Participant: 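Please see the structure below; I have some questions.
Hydrogens, waters and symmetry mates are skipped; everything else that's a heavy atom, side chains included, is used. Numbering of residues begins at 1 and proceeds along the displayed sequence. Source: prediction; values computed, not measured.
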Amino acid sequence: DVKGEELIAIRKKIQARTVGNFQGPIHAPDNWWQDNLDLHKGSQAWLVIDPPDGKIPPMTPEAQRRIADRAAARKASGRGPADSYTDRSLYDRCITRGLPGSMMPSIYGNQFQIVQAPGYVAILYEMIHETRVIPLDPSTSSGSSRAQSRDDGREHLDAKIRFDMGNARGRWEGDTLVVTTTNFKDRSVYRNANPEKLVLTEKFQRIAPDKVRWTVTVDDPSTWTQPWTFSLPLTADPNPVPLYECHEGNYGLKNILSAARAEEREQK
């Protein structure tokens, strides 16, 4: 239909634009990046699958005011971007990429390990080497016809208790693991969301012996005009998860701060 053809055209344009960003020897040999973004091979140069145009919905007026107020407060404080290590991002400081940031592709370090034990699923992320431990609803089990669509019987923690990766509870719906996460910290909440309102719903479904489809729906009515979902295929890798030492952050943070102090001395 016309809508389907329009969607394909939109995706082809996105692919062309994304591949074009990596053209030329300055980025690496052409086949390093481009082959992984070929629509005809089942790849995708976009992550957002809902809305179908691949665009994150607009922010609400409330969210725009919240972000503007935060920027104004920062400007009024008189602090520079490198007055202290606390002025740098949590990523720079090798603390966390938050959720779902830790699941999202980066320049490298896009590996994690998923393991299941009785009553729990744990996910170890290479970047920045942190682990989520997800309690499972004891009344559901993988592949069980008894699996119901409902929250973990243990419920989420009190709203006063917050984490950089949020507080997760999981359940099985047939062969799909569904994880609902709340209780985020303001310092690491995803894309300027409201940590008190944000709910992430992830789904993990095996679609091939070596592939799992991962989707996450971002729901925060105080930040976006509608919920939105993105999806990423996860492919099994026989190699162990490498250790993430974050040497870039270790040296980079020191060099950023020392350069700022040198610049200040030069200005005196």
Side-chain angles (χ1 to χ4, degrees), residues 14 17-18 21 26-27 46-48 51 53-109 125 127-130 159-167 181-200 216-230 244 246-268:
I14 295 174
R17 183 173 69 246
T18 304
N21 290 335
I26 190 173
H27 295 289
W46 63 94
L47 295 171
V48 176
D53 64 2
K55 296 181 180 179
I56 296 174
M59 282 192 156
T60 63
E62 175 187 343
Q64 295 175 31
R65 287 192 299 269
R66 187 171 67 240
I67 295 170
D69 290 345
R70 183 175 298 173
R74 170 73 186 185
K75 185 176 181 179
S77 72
R79 295 188 64 83
D83 284 2
S84 164
Y85 66 92
T86 59
D87 295 306
R88 306 307 302 176
S89 71
L90 298 178
Y91 194 4
D92 279 346
R93 295 160 62 189
C94 302
I95 294 176
T96 186
R97 291 175 64 203
L99 187 73
S102 290
M103 291 281 286
M104 299 296 292
S106 185
I107 53 175
Y108 70 97
Y125 301 91
M127 189 183 292
I128 302 176
H129 209 69
E130 50 197 339
K160 296 179 181 178
I161 303 175
R162 298 186 173 275
F163 305 90
D164 287 320
M165 300 291 280
N167 175 233
T181 307
T182 60
N183 296 42
F184 294 95
K185 283 189 174 183
D186 183 65
R187 71 173 190 173
S188 53
V189 71
Y190 185 61
R191 297 180 72 98
N192 295 303
N194 182 343
E196 297 181 2
K197 300 292 185 180
L198 178 63
V199 178
L200 298 180
V216 56
T217 297
V218 182
D219 190 356
D220 175 3
S222 67
T223 301
W224 291 282
T225 55
Q226 68 181 80
W228 51 281
T229 302
F230 55 78
Y244 182 66
C246 199
H247 288 312
E248 294 86 350
N250 294 336
Y251 290 105
L253 191 61
K254 175 183 177 181
N255 293 340
I256 288 170
L257 296 177
S258 63
R261 304 293 82 78
E263 185 179 35
E264 291 166 356
R265 289 192 296 270
E266 189 70 20
Q267 293 173 351
K268 292 181 179 180

Participant: Determine the minimum heavy-atom distance between R261 and A82, stating which atoms define it.
Facilitator: NH2-O, 2.9 Å
Participant: Which atom pair, heavy atoms only, marks the closest approach of S102 to E130?
Facilitator: OG-OE2, 3.3 Å
Participant: What's the shortest heavy-atom distance between L99 and Y125, and which atoms?
Facilitator: CD1-OH, 4.1 Å
Participant: Should the pair W224 and W228 be assigned to parallel (<30°), tilted (30 to 60°) or perpendicular (>60°) ring geometry?
Facilitator: perpendicular
Participant: Are any non-hydrogen side-chain atoms of M103 and V216 less than 4.5 angstrom apart?
Facilitator: no
Participant: Looking at every heavy atom in both L198 and A193, which two are closest together, and how far apart are they?
Facilitator: CD2-CB, 4.0 Å
Participant: Using side chain to side chain donor-acceptor pair (under 3.5 Å) as the criterion, list what pairs up with R79, not counting sequence neighbours.
Facilitator: D87
Participant: Restricting to side chain to side chain donor-acceptor pair (under 3.5 Å), what partner residues turn up for N167, sequence neighbours left out?
Facilitator: H156
Participant: State, to 0.1 Å, how close N194 and V189 come at their nearest heavy-atom pair, and which atoms those are.
Facilitator: C-CG2, 4.5 Å
Participant: Answer yes or no: does atom NZ of K185 have more than 12 heavy-atom neighbours from other residues, nucleotides or ligands under 6.0 Å?
Facilitator: yes
Participant: Can you check whether V199 reaches T182 side chain to side chain, under 4.5 Å on heavy atoms?
Facilitator: yes
Participant: Which atoms form the tightest heavy-atom contact between Y85 and L253, and what is the distance?
Facilitator: CB-CD2, 4.2 Å
Participant: R66 side chain to N192 main-chain N or O, any donor-acceptor pair under 3.5 Å?
Facilitator: yes
Participant: Find the distance between CD1 (I256) and CZ (R88) and round it off to the nearest 0.5 Å.
Facilitator: 4.0 Å
Participant: Strictly by modelled atom types, are R191 and T223 linked by a side-chain donor-acceptor pair under 3.5 Å?
Facilitator: no
Participant: Going by heavy atoms in the side chains, are D83 and E264 under 4.5 Å from each other?
Facilitator: yes
Participant: Any side-chain heavy-atom pair from F230 and I56 closer than 4.5 angstrom?
Facilitator: no
Participant: If a pair satisfies disulfide bond (SG atoms under 2.5 Å apart) and one of its residues is in residues 57-93, list it, with sequence neighbours excluded.
Facilitator: none
